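Note that the structure is a prediction, hence the values are computed from the model and not measured. Chain identifiers are assigned alphabetically (A, B, ...) following the order of the sequence lines, protein sequences preceding nucleic acid strands; residue numbering begins at 1 within each chain.
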2 protein chains.
Amino acid sequence: MTASRPYSQIIERIRHAGLRPTRQRLALAKLLFDNGNRHVTAEILHGESLNHGISVSLATVYNTLNQFTTAGLLREIVVNGDRSYFDTNTTQHHHFYHTDSGHLEDIAGDDVVMERLPAAPSGMEIERVDVIVRVSPT
Amino acid sequence: MTASRPYSQIIERIRHAGLRPTRQRLALAKLLFDNGNRHVTAEILHGESLNHGISVSLATVYNTLNQFTTAGLLREIVVNGDRSYFDTNTTQHHHFYHTDSGHLEDIAGDDVVMERLPAAPSGMEIERVDVIVRVSPT
DNA sequence: GTGATTGCAAATCTTTTGCACTAAA
DNA sequence: TTTAGTGCAAAAGATTTGCAATCAC
C-alpha cells in the first residue's frame with residue numbers, strides 16, 4: 001500500500017505541468033499516481049474511474065493521458081499495435097512484455113546495461129532508448 | 001541495386017513456408033525480397049503493387065504480410081501505435097526510429113551489445129529482445 | 001465573465017473478417 | 001475437382017475531433 005498523497009500535492013503537480021486542475025484530471029491523477037508504478041491503457045483507467053464513482057468519458061481519459069504524457073508526467077509505451085500503455089514511471093527503465101497476456105512489467109533501470117550503442121545518424125540526436133524483452137510461458 | 005532473384009527461388013521460398021505461390025503472393029514477395037532489407041507498412045506495399053501494375057487489394061496485402069510474418073519470412077515491428085512495420089530482415093538486429101518522419105533504420109546486429117540482461121520472470125522464457133533508439137533532428 | 005475543459009457522438013484510421021468468386025494443384 | 005486464396009465491402013477496435021455545455025479562475 002502506498003500512502004495516499006494529499007490532494008494539494010497532486011494539484012500542484014498538475015498546475016506545474018501547465019494544466020488546470022479540473023475535477024477529472026485530479027481524479028485520474030489520483031488513480032494514476034497514488035498507487036505506485038502503473039502501466040495502464042485508456043480503457044483500464046476509464047474502467048477504474050467508473051468503479052470509483054468518477055464519471056468521466058473515455059475521450060477525456062484519452063485526452064488527459066495524452067496531455068499528461070506531453071507534460072512529462074507519463075510515458076507512452078507501444079509494444080503491440082493494438083493499444084497503447086501509459087507508464088507512471090518516467091525514469092529511465094525498460095520492460096518485459098508478456099506476449100500471452102499483454103502484461104507489462106518493469107525491468108529495473110540498471111538491470112539492462114548497454115555495452116555499446118551506435119552513434120545517432122548525422123543531424124540526429126538520441127531521444128530515448130527503449131528495450132522490450134518479450135517473454136512467453138515456457 | 002540488388003540483382004533480381006529468379007522467380008523459381010521465390011516460389012520455392014513461399015512453398016517452403018507452407019503457402020501456395022499465388023500470383024499476388026509472388027508479386028508481393030518479389031517487391032519485398034528483391035530490393036534488399038526493407039521496412040514497409042501495408043499501405044506502402046499496396047501502393048507499390050499498384051504502381052507496378054499488380055492489382056491486389058489492401059486486405060490481401062495485410063493478410064499476406066501476416067502470413068509471411070507467421071511463416072518467419074518477415075518480422076513485425078511496432079514503434080508507434082499508428083501503424084505496423086514489417087521488416088524483411090529477420091536476423092537479430094535493432095532499430096533507429098526517426099520520430100519526426102516515422103522512418104525506421106536498421107542498426108547492425110553487433111552495434112548494440114547488452115552487457116547485462118535480467119532473467120526472465122519465473123515460468124517465462126525470452127522470445128526476443130527489441131531495442132528501439134528514438135532519434136530526432138538536432 | 002472568459003477562456004479552458006469536458007462530454008458525447010461522430011469521424012478517422014488501421015486492421016480483420018465474412019462470403020461469394022477465382023485460381024492452384 | 002477440391003481446397004486454398006482473393007477481393008470487396010463491411011465490421012471491428014482504438015483513438016481523435018467538433019461543438020455545445022460546463023467549469024476554473
Side-chain angles (χ1 to χ4, degrees), chain A residues 7-8 10-31 39-47 49-50 53-71 73-74 76-86 102 104, chain B residues 7-8 10-31 39-47 49-50 52-71 73-86 102 104:
Chain A
Y7 264 103
S8 59
I10 296 187
I11 292 180
E12 192 39 48
R13 194 162 176 182
I14 292 179
R15 210 169 241 134
H16 193 263
L19 299 169
R20 278 192 188 172
T22 64
R23 193 187 302 99
Q24 23 285 303
R25 281 184 185 150
L26 267 175
L28 295 176
K30 209 157 170 40
L31 286 174
H39 302 105
V40 301
T41 62
E43 193 102 25
I44 289 172
L45 188 58
H46 184 233
S49 305
L50 301 187
I54 301 154
S55 146
V56 56
S57 76
L58 183 55
T60 296
V61 172
Y62 270 107
N63 291 158
T64 302
L65 286 172
N66 286 332
Q67 292 154 352
F68 282 8
T69 300
T70 301
L73 265 35
L74 292 175
E76 189 174 1
I77 303 172
V78 182
V79 279
N80 96 51
D82 293 354
R83 83 195 87 261
S84 280
Y85 286 84
F86 293 86
L104 266 184
Chain B
Y7 264 102
S8 58
I10 295 187
I11 292 180
E12 191 40 49
R13 194 162 177 182
I14 291 178
R15 212 169 239 132
H16 192 264
L19 299 169
R20 280 191 188 172
T22 64
R23 193 186 301 100
Q24 23 286 305
R25 281 184 186 151
L26 268 173
L28 295 177
K30 211 157 170 38
L31 286 174
H39 302 104
V40 301
T41 62
E43 193 102 24
I44 289 172
L45 188 58
H46 184 234
S49 305
L50 301 186
H52 285 244
I54 301 154
S55 147
V56 56
S57 76
L58 182 55
T60 295
V61 172
Y62 270 107
N63 291 157
T64 302
L65 286 172
N66 287 143
Q67 291 153 352
F68 283 7
T69 301
T70 301
L73 265 36
L74 292 175
R75 186 173 188 180
E76 189 173 2
I77 303 172
V78 182
V79 280
N80 97 52
D82 294 354
R83 83 196 86 260
S84 279
Y85 285 85
F86 293 86
L104 265 184

| message | Check this one for me: any side-chain N or O of N63(B) less than 4.0 Å away from OP1 or OP2 of dG5(D)? | response | no
L19(B) CG to dA24(C) C1', in whole Å, measures 13 Å
Please confirm whether the shortest side-chain N or O distance from Y62(A) to OP1 or OP2 of dT16(D) is below 4.0 Å. no
So, OP1 or OP2 of dT15(C): does either fall under 4.0 Å of a side-chain N or O from S84(B)?
yes
Of the listed dT3(D), dC23(D), dT6(D), the closest approach to the T60(B) side chain comes from dT6(D)
Among dT3(D), dT5(C), dA9(C), the one nearest any side-chain atom of A59(A) is dA9(C)
Q67(B) versus T70(B): any side-chain heavy-atom pair under 4.5 Å? no
When rounded to the nearest 0.5 Å, the distance separating CD1 of I11(B) from CZ of R20(B) is 14.0 Å
Separation of dT6(C) atom P from N66(A) atom CG, nearest Å, is 13 Å
Whole-Å distance, L65(B) CG to dT6(D) P, equals 12 Å
Whole-Å distance, L28(A) CG to dT5(C) P, equals 14 Å
The nucleotide from dA25(C), dT14(C), dA24(C) with an atom nearest the side chain of R83(B) is dT14(C)
Q) Any side-chain N or O of Q67(B) less than 4.0 Å from the OP1 or OP2 oxygen of dA4(D)? A) no
With the side chain defined as heavy atoms from C-beta on, S57(A) is closest, among dG7(D), dT5(C), dG7(C), to dG7(C)
_Any non-hydrogen side-chain atom of R25(B) less than 4.5 Å from a side-chain atom of L19(B)?_
yes
Rounded to whole Å, NE2 of H46(B) lies from C1' of dT15(C) at a distance of 14 Å
Worksheet item: What is the nucleic acid contact for S55(B), judged by heavy atoms within less than 4.0 Å: base, sugar-phosphate only, or nothing?
Response: sugar-phosphate
Heavy-atom nearest pair, A42(A) first then L58(A), reads O-CD1, 4.0 Å
query: If we ignore angles and hydrogens, is there a donor and acceptor under 3.5 Å between the side chains of E76(A) and S84(A)?
result: yes
By nearest-nucleotide position on DNA chain C, the 5'-leaning member of L58(B) and P21(B) is L58(B)
Whole-Å distance, R25(B) CZ to dT6(D) P, equals 5 Å
Requested in this report: Report yes if at least one side-chain N or O of R15(B) is closer than 4.0 Å to OP1 or OP2 of dA25(C); otherwise report no.
Outcome: yes
field: Sub-4.5 Å side-chain heavy-atom contact between V56(A) and H46(A)
entry: yes
Would you say Q24(A) places a side-chain N or O within less than 4.0 Å of OP1 or OP2 belonging to dC23(D)? no
Axis-to-axis angle across the helix from dG1(C)-dC25(D) to dA25(C)-dT1(D), five pairs each end, nearest 10 degrees, ~ 30°
Practice task
Determine whether more than 12 heavy atoms belonging to other residues, nucleotides or ligands lie under 6.0 Å from atom CD of E43(B).
Solution key: no
From CG of L26(A) across to P of dT6(C) the rounded distance in Å is 10 Å
N80(A) atom CG is separated from dT16(C) atom P, nearest whole Å, by 11 Å
Note to self: Could you tell me if the side chain of T69(B) sits less than 4.5 Å from the side chain of F86(B), heavy atoms only?
What the structure shows: yes
Which of dC8(D), dA14(D), dC25(D) is nearest the side chain of E43(A)? It is dA14(D)
Contacts of T22(A) and E76(B) projected onto DNA chain C by closest heavy atom; the upstream (5') one is T22(A)
